[in-house]
A.B. asks: 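Sharing a structure below in structure tokens format, with a few things to ask.
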Amino acid sequence: MNRHALFAFALPALLSLPAPALAQAGRDRAELAQDRHEIRQDRRALVDDWRDSARMDQRLARFDDARARRDRGALGALDREVALALRQEVAETRRELARAHAEVRHDRRELRSERREDSRRRGGPTRRGGG
Amino acid sequence: MDDHRDLRDDRRDLRDDRRDAARERAELARIEGISGKWSRLRGRMAPPALARKRALLVELASLARAEVAQDRREIREDRRELHEDRREAAEDLRR
């Protein structure tokens, strides 16, 4: 179901909802927006990684060619190019790792908050600690 | 029901993101390893050194292809979650 169809379907029901249900609907919409954002990010990552993969295949082909011709100039140029690509890849992977750790921290906070809310609703003690 | 679902979704997100972080850590270790080996081989043109460099390039090409495959899996996973969230949001509104 596309976004407009979902909205057209949901609008009449939304208007007749009590406040808690509206709050839940708001959270659901925020989740949907987050999911769509993640899919867009995944697509960008796919395009970038596909390009990197094609470049690496080309480097391998150029290396084989230079090695067969014993072209020291071309082999030296590839030496530098691959070293630079590796430095960039290490930096990029460190950034991705930092993002992944931040997401885990965020998820733990969400889960703790959800458990506290759940516990309050049940009238029990709150729980500490994530996952 | 919504609370139960929210808890389930939060647990799923935490599990997925922990798995992603572990994968990134392993990938970083592998690339740093290759980078160190490449640095030590730089400027060396003898046949054994060239053979080792070629093996590293093959490993890098294989890593790059694995990343593309992983991106595709993540897109499928996120689409499935989006579909689930939409379905559950529509069910909530019908209730």
Side-chain angles (χ1 to χ4, degrees), chain A residues 1 6 9-10 13-14 17 21 24-25 27-29 31-32 35-36 38-39 42-43 45-46 49-50 52-57 59-60 63-64 67 72 75-76 78-80 82-83 85-87 89-90 93-94 96-97 99-101 103-104 106-108 110-111 114-115 117-118 121 130-131, chain B residues 2-4 6-7 9-11 13-18 20-25 27-28 31-32 34-35 38-39 41-45 47 50 53-54 56-58 60-68 70-72 74-75 77-79 81-83 85-90 92-95:
Chain A
M1 190 187 301
L6 179 69
F9 167 75
L14 262 175
L17 285 173
Q24 179 63 41
R27 280 197 295 275
D28 289 343
R29 284 181 63 181
E31 266 183 35
L32 291 178
D35 287 345
R36 278 195 294 267
E38 282 172 10
I39 287 175
D42 287 347
R43 279 191 192 136
L46 175 62
D49 287 343
W50 184 84
D52 287 348
S53 175
R55 260 191 218 128
M56 200 46 77
D57 287 341
R59 283 186 190 118
L60 181 58
F63 179 88
D64 284 342
R67 188 183 176 194
R72 292 176 72 90
L75 286 168
L78 266 165
D79 248 12
R80 291 186 290 278
V82 173
L86 278 165
R87 274 201 300 276
E89 189 61 32
V90 166
T93 309
R94 281 188 182 147
E96 282 171 9
L97 180 59
R99 265 199 297 272
H101 281 155
E103 281 177 24
V104 169
H106 174 263
D107 291 344
R108 279 185 184 147
E110 289 260 305
L111 190 56
E114 192 66 43
R115 279 176 175 160
E117 243 181 76
D118 192 47
R121 276 190 292 264
Chain B
D2 293 337
D3 307 332
H4 176 73
D6 287 345
L7 265 174
D9 289 350
D10 286 350
R11 284 195 191 110
D13 290 347
L14 179 59
R15 191 182 56 237
D16 290 352
D17 287 340
R18 274 182 173 158
D20 292 347
R23 200 179 46 238
E24 294 291 348
R25 259 195 307 279
E27 193 185 323
L28 180 61
I31 293 169
E32 282 178 334
I34 295 173
S35 184
W38 189 269
S39 294
L41 287 168
R42 273 189 77 175
R44 291 168 62 182
M45 302 287 172
L50 290 180
K53 281 184 189 177
R54 190 181 193 282
L56 291 176
L57 285 174
V58 168
L60 280 171
S62 149
L63 258 177
R65 272 193 292 275
E67 275 205 48
V68 170
Q70 180 57 38
D71 291 341
R72 291 197 167 120
E74 278 175 17
I75 287 175
E77 198 175 279
D78 285 348
R79 278 190 182 144
E81 286 176 12
L82 177 63
H83 181 74
D85 288 346
R86 278 178 170 166
R87 185 174 48 77
E88 287 171 348
D92 286 348
L93 289 172
R94 269 199 296 271
R95 266 190 247 125

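Lettering of chains follows the sequences in order, A, B, ..., and the numbering in each one begins at 1.
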A.B. asks: Is there a side-chain contact between A/Val82 and B/Leu56, using heavy atoms and a 4.5 Å cut-off?
C.D. replies: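 With C-beta onward as the side chain, the pair stays apart.
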
A.B. asks: So do B/Asp78 and A/Arg36 actually touch side chain to side chain, heavy atoms under 4.5 Å?
C.D. replies: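 A/Arg36 vs B/Asp78: side chains apart.
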
A.B. asks: With side-chain contact (heavy atoms from CB on, under 4.5 Å) as the test, pick out the partner of A/Arg108 among B/Asp17, B/Asp13, B/Leu14.
C.D. replies: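 That would be B/Leu14.
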
A.B. asks: State, yes or no, whether a side-chain contact exists between A/Leu60 and B/Leu60 at a heavy-atom distance under 4.5 Å.
C.D. replies: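 Contact flag for A/Leu60/B/Leu60 side chains = no.
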
A.B. asks: With a 4.0 Å cut-off on N to O distance, would you call B/Arg18 and A/Asp107 a salt bridge?
C.D. replies: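 Salt bridge flag = no for A/Asp107 with B/Arg18.
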
A.B. asks: Show the nearest heavy-atom pair for residues B/Ala64 and A/Ser53, with the distance to one decimal.
C.D. replies: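 It is CB-CA, 3.6 Å.
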
A.B. asks: What pairs with B/Glu27 under salt bridge (Lys or Arg N to Asp or Glu O under 4.0 Å), at least two apart in sequence or on another chain?
C.D. replies: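 Once residues adjacent in sequence are excluded, B/Glu27 has no partner under the salt bridge (Lys or Arg N to Asp or Glu O under 4.0 Å) criterion.
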
A.B. asks: Would you compute the distance between atom CD of B/Glu67 and atom CE of A/Met56 and round it to the nearest 0.5 angstrom?
C.D. replies: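 Rounded to the nearest 0.5 Å, the CD-CE separation comes to 10.5 Å.
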
A.B. asks: Give, as side chain, backbone, both or neither, the part of B/Ser35 having an atom under 4.5 angstrom from any heavy atom of chain A.
C.D. replies: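 Contact with chain A: backbone and side chain both.
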
A.B. asks: Got a salt bridge between A/Glu114 and B/Arg11, using NZ or NE/NH1/NH2 to carboxylate O under 4.0 Å?
C.D. replies: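 No.
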
A.B. asks: How long is the gap from CD on A/Glu110 to CG on B/Leu7, to the nearest 0.5 Å?
C.D. replies: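 A/Glu110 atom CD to B/Leu7 atom CG measures 11.0 Å (nearest 0.5 Å).
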
A.B. asks: Indicate the atoms forming the closest heavy-atom contact of A/Leu78 with B/Trp38, along with that distance.
C.D. replies: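 Here A/Leu78 and B/Trp38 meet closest at O-CZ2, 4.1 Å.
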
A.B. asks: State which residues pass salt bridge (Lys or Arg N to Asp or Glu O under 4.0 Å) with B/Arg87; sequence neighbours excluded, sorted by chain then number.
C.D. replies: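 For B/Arg87, the residues satisfying salt bridge (Lys or Arg N to Asp or Glu O under 4.0 Å) (neighbours in sequence not counted) are B/Glu91.
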
A.B. asks: Go through A/Arg59, A/Arg67, A/Glu89 and name the one with the most non-hydrogen pairs under 4.5 angstrom from chain B.
C.D. replies: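 If we count pairs closer than 4.5 Å to chain B, A/Arg67 comes out on top.
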
A.B. asks: If I compare all heavy atoms of A/Leu97 with all of B/Leu28, which pair ends up nearest, and what's the gap?
C.D. replies: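 Taking A/Leu97 first and B/Leu28 second, the nearest heavy atoms are CD2-CD2, 3.9 Å.
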
A.B. asks: For B/Arg72 and A/Leu46, work out which heavy atoms get closest and say how close.
C.D. replies: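 Residues B/Arg72 and A/Leu46, closest heavy atoms: CG-CD1, 3.9 Å.
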
A.B. asks: Can you name the closest pair of heavy atoms from A/Asp57 and B/Ala61 and give their distance?
C.D. replies: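 Closest heavy-atom pair between A/Asp57 and B/Ala61: OD1-CB, 3.6 Å.
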
A.B. asks: Just so I know, are the side chains of B/Glu32 and A/Arg94 near enough to count as touching, which here means a heavy-atom distance under 4.5 Å?
C.D. replies: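 Contact flag for B/Glu32/A/Arg94 side chains = yes.
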
A.B. asks: Does B/Lys53 come within less than 4.0 Å of A/Asp79, counting only side-chain N to carboxylate O?
C.D. replies: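 Salt bridge between B/Lys53 and A/Asp79, a charged N being under 4.0 Å from a carboxylate O: yes.
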
A.B. asks: If we define contacts as heavy-atom pairs under 4.5 Å, which of B/Met45, B/Arg54, B/Arg25 has the most with chain A?
C.D. replies: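 With the most close heavy-atom pairs to chain A, the winner is B/Arg54.
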
A.B. asks: At a 4.5 Å cut-off on heavy atoms, which part of A/Arg55 comes close to chain B: side chain, backbone, both, or neither?
C.D. replies: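 Nothing of A/Arg55, per the 4.5 Å heavy-atom cut-off to chain B.
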
A.B. asks: Name the region of A/Arg99, side chain, backbone, both or neither, that has any atom closer than 4.5 Å to a heavy atom of chain B.
C.D. replies: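 Neither part.
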
A.B. asks: Contact part of B/Asp9 toward chain A, heavy-atom cut-off under 4.5 Å: side chain, backbone, both or neither?
C.D. replies: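 Side chain only.
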
